[in-house]
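What follows is a set of notes on a single structure, which appears directly below.
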Number of protein chains: 2
Amino acid sequence: MSMQGSGGAGTRKGPIRPDTVVDAALALVELGGLASLTMRRLSDALGTQPPALYRLFRDKDALVDAMADAVLASALGPLPEADWETRVSVLAGRLRAAMLGQRDGARIVGGSYTSRQPTMALADSLLAAMEEAGFTGETAVWAMTTVFSYVLGEALEQQGRTGVDLEEAQATFSTEDYPHLARSPLAALLDFDTRFAFGLRMITAGLREGAQGFPPG
Amino acid sequence: MSMQGSGGAGTRKGPIRPDTVVDAALALVELGGLASLTMRRLSDALGTQPPALYRLFRDKDALVDAMADAVLASALGPLPEADWETRVSVLAGRLRAAMLGQRDGARIVGGSYTSRQPTMALADSLLAAMEEAGFTGETAVWAMTTVFSYVLGEALEQQGRTGVDLEEAQATFSTEDYPHLARSPLAALLDFDTRFAFGLRMITAGLREGAQGFPPG
DNA sequence: ACCTGAACACCGTTCAAGT
DNA sequence: ACCTGAACACCGTTCAAGT
């Protein structure tokens, strides 16, 4: 009589597979956030014991790396035949959507220091676009990372802010100390889609110019 | 006979102050990384007991928020009288330097969701520059966040990568699957200073154009 | 080969009690 | 007012043992 854990995972046939564990882990994060992910809760959800997970992943960090891979995988797919600016926008949008599609997705991806398959595929596509834009060698690599870093930063900010603290923040600061801030429409900070579209547009515009020779200034 | 903790903090006169705790916490992170920061180790380093910290900070997250403030504070200072592009570069450079100046600084700042004083001051200065560039209303706010997100993303990447995995990564992928990546000088990824200067230049160039009217395309 | 039981050395946080 | 002692309910990880 083998009791399945109280986590309510269905009966398994055969050994646990890494994919099953990763999916269950992402589901736990979706429910309770990254901080709520523990090896014990995860093994419970899978109807097994913690040591069973350590046969598949060296430690918790290795599991999170695999989770990052899974998140990024959803950003892959065939690219439309289009000019480089369009392709960069599509790739950046997909990368963002992949991270936003999973609770704490940006933190999962950003905290993962390994360069695995989906990252490679995305990087290669971005690199191709940058080369078509006119960048070569180091500058193509840097143009690629500029987009990566921006997208990651934006996704992190979006998944971080609650929106509640914004109003109390605007109430907190004195108009004299921060005159520009006080006069600004801070609600625009929460219009994440337009905000991202704007930033991405600025970056592609800069790249368009920069491709004509760096450093330009 | 009151034993001071084995952590070796000097004798205190009067109650513990928040600043002392924040400084000690940042020192612990500097030594062992953010993951090594625990309330118990921290109280030990301060020669006290964990509950003493909870009288100063609601919980560990509140402490990390205060640490983020301290990290960002080092980015403040008088700005040179110069054109907006120079000022944006100086502000972005300082923000970056502040985060890089502390081990795991980007993670500390990026994981902090409160908008406190130093963030406000930085935002106000950036906003002023963006208004001088020609942006108004929402677009000025978005131009500011574009720079913020990029700088945060870059700092995160720099403090994440070890540099060791880069070579094994390039060995891993097949030349056929990722042709552009295989042909690229990936060592450029680790030239973080030039990489940052490049990206920042692309962004300011894009903003210069974008200020002439968004959306431009 | 794959998993369980049990333990080790920790955590964050709280509560009563001391001075 | 400020801190200590002691405990609660957890952690990640390992190791021996089971089948």
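Here is how names work: the chains are called A, B, and so on, in the same order as the sequence lines, proteins then strands, and each is numbered from 1. What you see is a predicted model; the values in this text were computed from it and never measured.
When the nucleotides D:dC11, C:dC3, D:dT13 are ranked by their closest atom to the side chain of A:R55, C:dC3 comes out on top. Considering only the side chain of A:Q49, C:dG5 comes nearest among D:dG12, D:dC2, C:dG5. Closest to the side chain of A:R41, out of D:dG5, D:dT13, D:dC11, is D:dC11.
Remark: A:L46 CG to A:L42 CG distance equals 5.0 Å, nearest 0.5 Å.
Between A:Y150 and A:F196, the ring-plane angle classifies as parallel under the 30° and 60° cut-offs.
OP1 or OP2 of D:dT4 lies within a sub-4.0 Å distance of a side-chain N or O belonging to B:T48.
Each of A:R40 and A:L56 lies near DNA chain C, and the nucleotide nearest A:L56 is the one positioned closer to the 5' end. In terms of position along DNA chain D, the nucleotide closest to A:S36 lies nearer the 5' end than the nucleotide closest to the other residue of the pair A:P51 and A:S36.
What separates CG of A:L53 from P of C:dC3 is a distance of 10 Å, to the nearest Å. With rounding to whole Å, B:M39 atom CE is found 10 Å from C:dT14 atom P. Going from atom CZ of A:R58 over to atom C1' of D:dT13 covers 13 Å, rounded to whole Å. Rounded to whole Å, the distance from CG on B:L63 to P on C:dG12 is 10 Å. Taking atom CG of residue A:D59 and atom C1' of nucleotide D:dC11, one finds them 14 Å apart after rounding to whole Å. Straight-line distance from the OH atom of B:Y54 to the P atom of C:dC11: 11 Å, rounded to whole Å. A straight line from CZ of A:R17 to C1' of C:dC2 spans 16 Å, rounded to a whole angstrom. A straight line from CZ of B:F57 to C1' of C:dT13 spans 16 Å, rounded to a whole angstrom.
The backbone N or O of B:Q102 sits less than 3.5 Å from a side-chain atom of B:Q159, completing a donor-acceptor pair.
Tested against B:L37 for a side-chain contact (heavy atoms from CB on, under 4.5 Å), the candidates B:L26, B:V29, B:I108 yield a single pass: B:V29.
Between B:D193 and B:R96, at least one side-chain N (NZ, or NE/NH1/NH2) sits under 4.0 Å from a carboxylate O, which counts as a salt bridge.
Across all strands shown, D:dC11 forms no Watson-Crick or G-U wobble pair with both distances under 3.5 Å. With both pairing distances under 3.5 Å, C:dT19 is matched to D:dA1 as a Watson-Crick or G-U wobble pair.
Counting non-hydrogen atoms under 4.0 angstrom, B:L42 reaches nothing in the nucleic acid.
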